[in-house]
*Asks:* 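So that we are looking at the same thing, I have put the structure below in structure tokens.
All of these numbers come straight from a predicted model, not from anything done at the bench. One is the number of the first residue; the rest follow in order along the sequence.
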Amino acid sequence: MTDYAEIERVALEEVEKHAKIYEEAALFNTAKVMKAFREHMVSDFYLKPTTGYAYSDVGRENLDAIYADIFKTEAALVRSQFVSGTHALAVALLGVLRAGDEMLAATGTPYDTMQTIIGSPVKTPGSLVDMGITYKEVPMLDDKPDLEAICSAITDKTKLVHIQRSCGYSSVRKTLNVAQIGEICRAVKQVKPDVICFVDNCYGEFIEKQEPTEVGADLMAGSLIKNLGGGFAPTGGYIVGRADLVELASYRLTAPGLGGEMGATLGDTAREFYQGLFMAPHIVVQAVKTAIFAAAVFKNMGYAVKPLPEEVRSDIIQAIRLETRERLCNFCIAIQSNSPVDAHVEPVPAMIPGYQDEIIMAAGTFVQGASIELSADGPCREPYNVYFQGGLTFEHGRIAIMSAAKMVGPKA
């Protein structure tokens with residue numbers, strides 16, 4: 001009989017052993033957020049809703065300025081009008097690229113929803129390829145960016161180099177840390193200084209003390225229902241970077257000439273964005289601790305896990321190779337049944353827009369699809385990896401993971 005109590009005890013020791021560096025980052029990043037709030041004199045007035053055109057929305061304008069300060073960039077665009085992180089990424093790319101430009105993916109094949117934005121390998125109406133933008137990619141080399149191949153692939157037409165921080169649904173590559181992203185940026189700038197280094201920062205914010213825009217990224221985008229929303233943001237995304245590039249993206253979000261000057265902040269969204277940002281460093285640590293715990297539990301049950309409990313992390317995602325469709329489904333069913341919302345619902349595999357295979361998703365979250373809350377998903381294809389992320393509290397994560405362990409069972 002499997003001794004789940006002993007597996008849990010060992011996993012808790014692993015969390016205690018490896019969480020310190022993330023707690024130190026949370027302290028550093030909390031101080032950074034507090035400093036920005038103080039310098040921009042955040043007041044109750046900034047937390048109020050606006051309507052209509054929302055000209056001179058000071059709460060919106062100051063939040064942009066705070067994001068720019070935190071990420072050490074010239075400008076930021078933080079909006080509830082972004083329907084997802086995918087939307088923010090699409091707005092950034094479609095805003096700065098034009099027909100005849102070339103985009104180079106420096107970290108191999110992007111994850112499924114990015115492929116629909118690009119229009120490769122399947123051409124998608126309205127995608128980059130459909131708009132006349134050339135696309136090519138450089139595979140990762142032994143889990144690391146192939147700097148030599150990246151530099152060799154740059155041509156006179158290369159306008160933008162795409163860097164995906166997270167591993168996505170790849171069972172091969174690892175998530176990049178900020179230092180590795182900096183190496184890519186420096187290498188490509190030596191070959192072509194005017195190349196735009198664009199980073200998909202989803203799942204990576206506040207894991208480290210630095211962000212990619214501090215080591216050479218010109219433009220970066222992500223979601224507010226992941227790390228930076230802190231579990232409070234009900235929707236939204238962000239784009240940060242060089243002022244001219246952020247402005248071009250803003251014209252794509254609204255309309256040329258209007259840009260970031262418009263866009264109402266409805267209901268309680270302003271407060272939720274500010275409060276979520278304030279809470280984000282602490283919430284991210286809860287998610288990382290939950291991921292370490294999950295890695296340790298399933299490693300001790302015989303499964304391949306990525307990253308390992310002791311490996312230094314640069315995002316909140318934990319991959320577990322479950323090897324069969326049944327185990328993948330059982331894992332997600334267990335997570336859903338231990339969720340605060342829709343715990344009575346049983347997830348089933350289905351085709352979802354933007355994905356190439358059936359996907360099963362467990363997300364009994366207060367904000368629909370929020371990846372910073374406890375959730376799990378995976379494509380129904382070999383090797384049947386489940387991608388587990390989030391957790392507003394470690395206590396909740398611990399309970400849910402142990403339930404999943406018992407439902408999946410040890411590897412035979």
Side-chain angles (χ1 to χ4, degrees), residues 19-50 57-80 165 177-178 199 201-215 217 220-241 243 246 260 265 268-290 313-316 366-367 370-373 390-394:
K20 185 177 179 180
I21 61 170
Y22 309 106
E23 291 168 346
E24 290 174 351
L27 182 64
F28 179 89
N29 288 319
T30 297
K32 182 165 58 176
V33 171
M34 289 174 63
K35 180 175 181 289
F37 275 39
R38 184 166 54 247
E39 291 182 350
H40 290 276
M41 296 182 286
V42 173
S43 67
D44 183 65
F45 183 70
Y46 294 163
L47 312 182
K48 305 300 183 186
T50 55
D57 181 338
V58 292
R60 182 192 67 209
E61 292 168 358
N62 275 276
L63 188 59
D64 285 349
I66 286 169
Y67 265 70
D69 279 0
I70 288 170
F71 288 100
K72 293 181 170 55
T73 60
E74 295 176 352
L77 191 68
V78 186
R79 296 292 183 277
S80 61
R165 181 172 181 173
N177 59 42
V178 173
V199 175
N201 203 34
C202 287
Y203 303 103
E205 301 91 348
F206 288 160
I207 301 288
E208 301 183 47
K209 294 180 180 180
Q210 278 190 309
E211 298 292 339
T213 44
E214 298 177 64
V215 295
M220 187 167 73
S223 169
L224 295 190
I225 62 170
K226 296 182 173 69
N227 300 25
L228 287 183
F232 283 85
T235 186
Y238 74 93
I239 297 172
V240 294
V246 173
T265 308
D268 211 21
T269 306
R271 180 191 61 79
E272 291 163 336
F273 279 8
Y274 276 94
Q275 191 170 7
L277 178 60
F278 175 74
M279 289 296 297
H282 172 73
I283 297 298
V284 166
V285 173
Q286 304 303 299
V288 172
K289 289 169 70 173
T290 299
R313 296 163 184 266
S314 195
D315 69 6
I316 62 171
F366 292 102
V367 174
S371 303
I372 192 59
E373 298 184 52
L392 299 180
T393 72
F394 175 57

*Asks:* So, taking the atom named CG in L224 and the one named CD in E205, what distance separates them when rounded to the nearest 0.5 Å?
*Replies:* 8.5 Å
*Asks:* Given F206, which of I283, T30, N227, I70 fulfils the side chain to side chain contact (heavy atoms under 4.5 Å, CB included) condition?
*Replies:* I70
*Asks:* What is the minimum heavy-atom distance between H40 and A65, and which atoms define it?
*Replies:* CE1-CB, 3.4 Å
*Asks:* side-chain hydrogen bond (donor to acceptor under 3.5 Å, both in side chains) with E211: which of N201, T73, N29?
*Replies:* N201
*Asks:* Start with the C-alpha distance between E23 and K289, add both sets of side-chain angles, then the distance that settles side chain to side chain contact (heavy atoms under 4.5 Å, CB included), and finish with yes or no.
*Replies:* CA-CA 10 Å; E23 291 168 346; K289 289 169 70 173; 4.0 Å; yes
*Asks:* Looking at K32 and E214, what are the two nearest heavy atoms and their distance?
*Replies:* NZ-OE2, 4.1 Å
*Asks:* Please answer whether the main-chain N or O of F366 pairs with a side-chain N or O of E373 as donor and acceptor at a distance below 3.5 Å.
*Replies:* yes
*Asks:* So how far is it from Y46 OH to T265 OG1, rounded to the nearest 0.5 Å?
*Replies:* 13.5 Å
*Asks:* Is the shortest heavy-atom distance from the side chain of V246 to the side chain of V240 under 4.5 Å?
*Replies:* no
*Asks:* Looking only at heavy atoms, which two atoms of A68 and A76 are closest? And how far apart?
*Replies:* N-CB, 3.8 Å
*Asks:* If you look at every heavy atom in V367 and A233, which pair is closest and at what distance?
*Replies:* CG2-O, 3.7 Å
*Asks:* Ring centres under 6.0 Å, that's the criterion: do Y274 and F232 meet it?
*Replies:* no
*Asks:* Which heavy atom of G260 sits nearest to which heavy atom of R79, and what is that distance?
*Replies:* O-NH2, 3.0 Å
*Asks:* Verify side chain to side chain contact (heavy atoms under 4.5 Å, CB included) between T50 and R60, making sure each step is shown before the conclusion.
*Replies:* CA-CA 9 Å; T50 55; R60 182 192 67 209; 5.7 Å; no
*Asks:* Determine whether D268 and L47 make a side-chain contact, defined as any pair of heavy atoms from C-beta on separated by less than 4.5 Å.
*Replies:* no
*Asks:* What distance do E39 atom CD and N62 atom CG have between them, rounded to the nearest 0.5 Å?
*Replies:* 12.0 Å
*Asks:* Side-chain contact test, heavy atoms from C-beta onward, threshold under 4.5 Å: evaluate it for Y238 versus D64 and give yes or no.
*Replies:* no
*Asks:* For side chain to side chain contact (heavy atoms under 4.5 Å, CB included), just list the numbers for V215 and Q210, CA-CA rounded to whole Å, side-chain angles, deciding distance to a tenth of an Å, and then say yes or no.
*Replies:* CA-CA 8 Å; V215 295; Q210 278 190 309; 3.9 Å; yes
*Asks:* So do T213 and K72 actually touch side chain to side chain, heavy atoms under 4.5 Å?
*Replies:* no
*Asks:* Should E272 and T269 be marked as a side chain to side chain contact (heavy atoms under 4.5 Å, CB included) after you check the CA-CA gap, both sets of side-chain angles, and the distance that decides it?
*Replies:* CA-CA 5 Å; E272 291 163 336; T269 306; 4.2 Å; yes
*Asks:* Looking at side-chain heavy atoms only, is the closest gap between I372 and I225 below 4.5 Å?
*Replies:* no
*Asks:* Kindly indicate whether the side chain of T235, heavy atoms from C-beta on, has any atom under 4.5 Å from the side chain of S80.
*Replies:* yes
*Asks:* Between T290 and T393, what is the shortest heavy-atom contact and its length?
*Replies:* OG1-O, 4.2 Å
*Asks:* Would you say that Y22 contacts R313 through its side chain, given a criterion of any heavy-atom pair below 4.5 Å between the two side chains?
*Replies:* yes
*Asks:* Using side-chain heavy atoms (C-beta onward) and a distance below 4.5 Å, is E208 in contact with S314?
*Replies:* yes
